[in-house]
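The structure appears right after this line, and notes come after that.
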Amino acid sequence: MGAGGRMSSPSSIKKSDSDHVKRVPAAKPPFTLGELKKAIPPHCFHRSVLRSFSYVVYDLTLASIFYYIATTYFQNLPSLLFYPGWALYWAAQGCVLTGVWVLAHECGHHAFSDYQWLDDTVGLILHSFLMVPYFSWKYSHRRHHSNTGSLERDEVFVPKKKSALKWYSPYLNNPLGRVLTLTITLVLGWPLYLAFNVSGRPYDRFACHYDPYGPIYTDRERLQIFISDAGLLAVSYGLYRLVLAKGLAWVVCVYGVPLLIVNGFLVLITYLQHTHPALPHYDSSEWDWLRGALATVDRDYGILNKVFHNITDTHVAHHLVSTMPHYHAMEATKAIKPILGEYYHFDGTPFVKAMWREAKECIYVEPDEGEKTKGVFWYNNKF
């Protein structure tokens, strides 16, 4: 039972004999994407410029208030409250800016408005402020949505087969090893993915989100990768000028630490959306788009669901209709759950506990022994 008090129905997922984990079905579903879309109320597909901008204004207003309080009043706090005050600022500002990140992500899906140019303009500004190469990530993320659950073509958090594990993997399968792995993943996972494609799909040569001529992008996308890089250079120059004016410590405290929290939440949210003992992955012999899109799980982050604009607890619907704005996703999820039935998976485990469990249980993927279908892979942790 999570913060929202919801659980998957016991009959909604079948049980693995080997791991005692209730699994979602891996067979082809008895419904189509068209049938799911018909079940969603038509107004849920409507994108309102005013409503979308209201969330941007709200989040930026909160972020500005937190910034003003921290930079105006914290210097007058007694030493006993000074450091706890900054810790509270970092946590609050990091969560609010994660919400801003989600709104820019919505722009990348053309879910912000009916105008592509407006979506790209808003997304470029917001993501650049958070040191994200907007167009670069937009295109790789689009391919993630096109290939979710595919062991060969998915773009992010692609699980390894047991045969592909590094020699040191068994030595990290213990509490200390998991602490080390999770710390590195949450702190460095996002920049490592952008710069070196760590945890991404393999390419035939070096892949980097900042490289317009890298293998991730097509020829018609390369100009926009340059634009993304220019946005990051502009923000980097602004930060450099701030360091000269205010000092490095000021910039780290006001901007750097909250950004680390944003990056950590981004990695955690994505990891938990696509990593669960109940979720299958597929090789090319079994994968199809609908089954891949359904190989995701909705989570419960309590009050942070709202702060993160429900990207956490409506992810299944998001993968089915990614152009639908976030403020309709809860209604859409409710509408499609009766049709999805056992193919819908929700896990209300508190996210910190779920992170630790998944890091322990989901080490690699392998087909079940004795199964005729060898193209369906499940998480395992046995060495």
> Can V132 be reached from V257 by stepping across I, L, V, M, F, W or Y side chains whose heavy atoms are under 4.5 Å apart?
Replying inline: yes
>> Set out, in order, the CA-CA distance, both residues' side-chain angles and the distance that settles side chain to side chain contact (heavy atoms under 4.5 Å, CB included) for L272 and Y301, then state yes or no.
In response: CA-CA 11 Å; L272 290 182; Y301 285 62; 3.4 Å; yes
> Mind checking whether W190 and L126 sit in one hydrophobic cluster, side chains of I, L, V, M, F, W, Y counted as touching below 4.5 Å?
Replying inline: yes
>> Below 30° counts as parallel, above 60° as perpendicular, anything between as tilted: where do the rings of F82 and W86 land?
In response: perpendicular
> After noting the C-alpha distance and the side-chain angles of T121 and W117, does the key distance pass the side chain to side chain contact (heavy atoms under 4.5 Å, CB included) rule?
Replying inline: CA-CA 6 Å; T121 301; W117 67 268; 4.1 Å; yes
> Is the backbone N or O of Y327 less than 3.5 Å from a side-chain atom of Y55, with the two atoms forming a donor-acceptor pair by type?
Replying inline: no
> With distance as the sole test, does Q273 use its side chain to make a donor-acceptor pair with the main-chain N or O of I311 at under 3.5 Å?
Replying inline: yes
>> Any non-hydrogen side-chain atom of W287 less than 4.5 Å from a side-chain atom of E152?
In response: no
> Should H110 and R47 count as side-chain neighbours, where that means a heavy-atom distance under 4.5 Å?
Replying inline: yes
> Is there a chain of hydrophobic side chains (I, L, V, M, F, W, Y, each step under 4.5 Å between heavy atoms) that links I227 to L118?
Replying inline: no
>> Quick check: do V100 and F129 have side-chain heavy atoms less than 4.5 Å from each other?
In response: no
> Are any of the side-chain nitrogens in K161 or D283 under 4.0 Å away from the carboxylate oxygens of its partner?
Replying inline: no
> Among the clusters formed by ILVMFWY side chains lying less than 4.5 Å apart, do V96 and V57 turn up in the same one?
Replying inline: no
>> Show, in sequence, the C-alpha distance, side-chain angles and deciding distance for L130 and L259, and conclude whether the side chain to side chain contact (heavy atoms under 4.5 Å, CB included) test is met.
In response: CA-CA 7 Å; L130 297 173; L259 186 64; 4.2 Å; yes
> With a cut-off of 6.0 Å (strictly less than), are more than 12 heavy atoms of other residues, nucleotides or ligands near NZ of K374?
Replying inline: yes
> Is the shortest side-chain N to carboxylate O distance from E358 to R299 below 4.0 Å?
Replying inline: yes
> Relative to the ring of H105, is the ring of W137 parallel (under 30°), tilted (30 to 60°) or perpendicular (over 60°)?
Replying inline: tilted
> Quick check: does any side chain N or O of E361 sit under 3.5 Å from a backbone N or O of N381, one acting as donor and the other as acceptor?
Replying inline: no
> Run the ring pair (Phe, Tyr, Trp, His ring centres under 6.0 Å) check on H274 and H281 step by step: do they pass?
Replying inline: CA-CA 10 Å; H274 297 282; H281 284 73; 8.2 Å; no
>> Given 3.5 Å as the limit, does a donor-acceptor pair link the side chain of S322 with the main chain of H318, or not?
In response: no
> To the nearest 0.5 Å, what is the distance between CG (L60) and CG (L97)?
Replying inline: 8.5 Å
> So, for F112 and S52, which heavy atoms are closest and what is the spacing to 0.1 Å?
Replying inline: O-OG, 2.6 Å
> Cationic tip of R201 within the cone over Y203's six-membered ring, i.e. under 6.0 Å and within 45° of the normal?
Replying inline: yes
>> Using every non-hydrogen atom in the two residues, find where A354 and T349 come nearest and quote the distance to one decimal.
In response: N-CG2, 3.8 Å
> Backbone N or O of C253 within a donor-acceptor pair of the W90 side chain at under 3.5 Å?
Replying inline: yes
> Nearest heavy-atom pair of I225 and Y139: which atoms, and what distance?
Replying inline: CD1-CD1, 4.1 Å
> Are the side chains of F135 and H209 in touch, meaning some heavy atoms are under 4.5 Å apart?
Replying inline: no
>> Any non-hydrogen side-chain atom of R357 less than 4.5 Å from a side-chain atom of K360?
In response: no
> Which word best sums up how the rings of H309 and H326 line up, parallel for under 30°, tilted for 30 to 60°, or perpendicular for over 60°?
Replying inline: tilted
> Going from OG1 on T312 to CG on N305, what distance comes out if it is rounded to the nearest 0.5 angstrom?
Replying inline: 3.5 Å
> Are D368 and R23 close enough for a salt bridge, meaning some N to O gap below 4.0 Å?
Replying inline: yes
> So with a 6.0 Å cut-off around CG of L244, is the heavy-atom count from everything else above 12?
Replying inline: yes
>> Show the nearest heavy-atom pair for residues D298 and V316, with the distance to one decimal.
In response: OD1-N, 2.9 Å
>> Can you classify the ring geometry of H127 versus Y134 as parallel (below 30°), tilted (30 to 60°) or perpendicular (above 60°)?
In response: tilted
> Quick one: do D120 and K138 make a salt bridge, cutoff under 4.0 Å?
Replying inline: yes
>> More than 12 heavy atoms of other residues, nucleotides or ligands under 6.0 Å from OH of Y68: yes or no?
In response: no
>> Determine whether a donor-acceptor pair (N or O, by modelled atom type, separation under 3.5 Å) exists between the side chain of Y364 and the backbone of K382.
In response: yes
> Counting distance only, does the side-chain N/O of H328 pair as donor-acceptor with the main-chain N or O of H43 below 3.5 Å?
Replying inline: yes
>> Can you confirm whether more than 12 heavy atoms, excluding those of Y171, are under 6.0 Å from its OH atom?
In response: no
> So which heavy atom on D119 is nearest to which on A111, and how close?
Replying inline: OD2-N, 3.7 Å
> Taking atom OG of S64 and atom CD of Q93, what is their separation to the nearest 0.5 Å?
Replying inline: 8.0 Å
> Counting heavy atoms not belonging to Y83, are there more than 12 under 6.0 Å from its OH?
Replying inline: no
> Which class fits the ring pair H276 and H345: parallel under 30°, tilted 30 to 60°, perpendicular over 60°?
Replying inline: perpendicular
> Are V262 and L182 connected in the hydrophobic side-chain network, where two residues link if heavy atoms are under 4.5 Å apart?
Replying inline: yes
>> Tell me if the aromatic rings of Y271 and F157 count as close, with their centers under 6.0 Å from one another.
In response: yes
> How far apart are the closest heavy atoms of K306 and N310, and which atoms are they?
Replying inline: NZ-OD1, 3.8 Å
> Is a side-chain donor or acceptor of T333 paired with a backbone partner of T314 at a separation under 3.5 angstrom?
Replying inline: no
>> Could you go through L172 and R178, starting from their C-alpha distance and side-chain angles, then the distance that decides it, and tell me whether this counts as side chain to side chain contact (heavy atoms under 4.5 Å, CB included)?
In response: CA-CA 6 Å; L172 294 175; R178 283 190 286 277; over 6 Å; no
> What's the spacing between Y255 OH and M131 CE if we round to 0.5 Å?
Replying inline: 5.5 Å
> Can you check whether K28 reaches R291 side chain to side chain, under 4.5 Å on heavy atoms?
Replying inline: yes
> Roughly how far, to the nearest 0.5 Å, is CG of L320 from NE2 of H145?
Replying inline: 10.5 Å
> Should Y89 and V254 count as side-chain neighbours, where that means a heavy-atom distance under 4.5 Å?
Replying inline: yes
> Rounded to the nearest 0.5 Å, how far apart are NZ of K38 and CG of L33?
Replying inline: 11.0 Å
> Is the closest side-chain heavy-atom distance between F265 and C95 below 4.5 Å?
Replying inline: yes
> With distance as the sole test, does S54 use its side chain to make a donor-acceptor pair with the main-chain N or O of R51 at under 3.5 Å?
Replying inline: yes
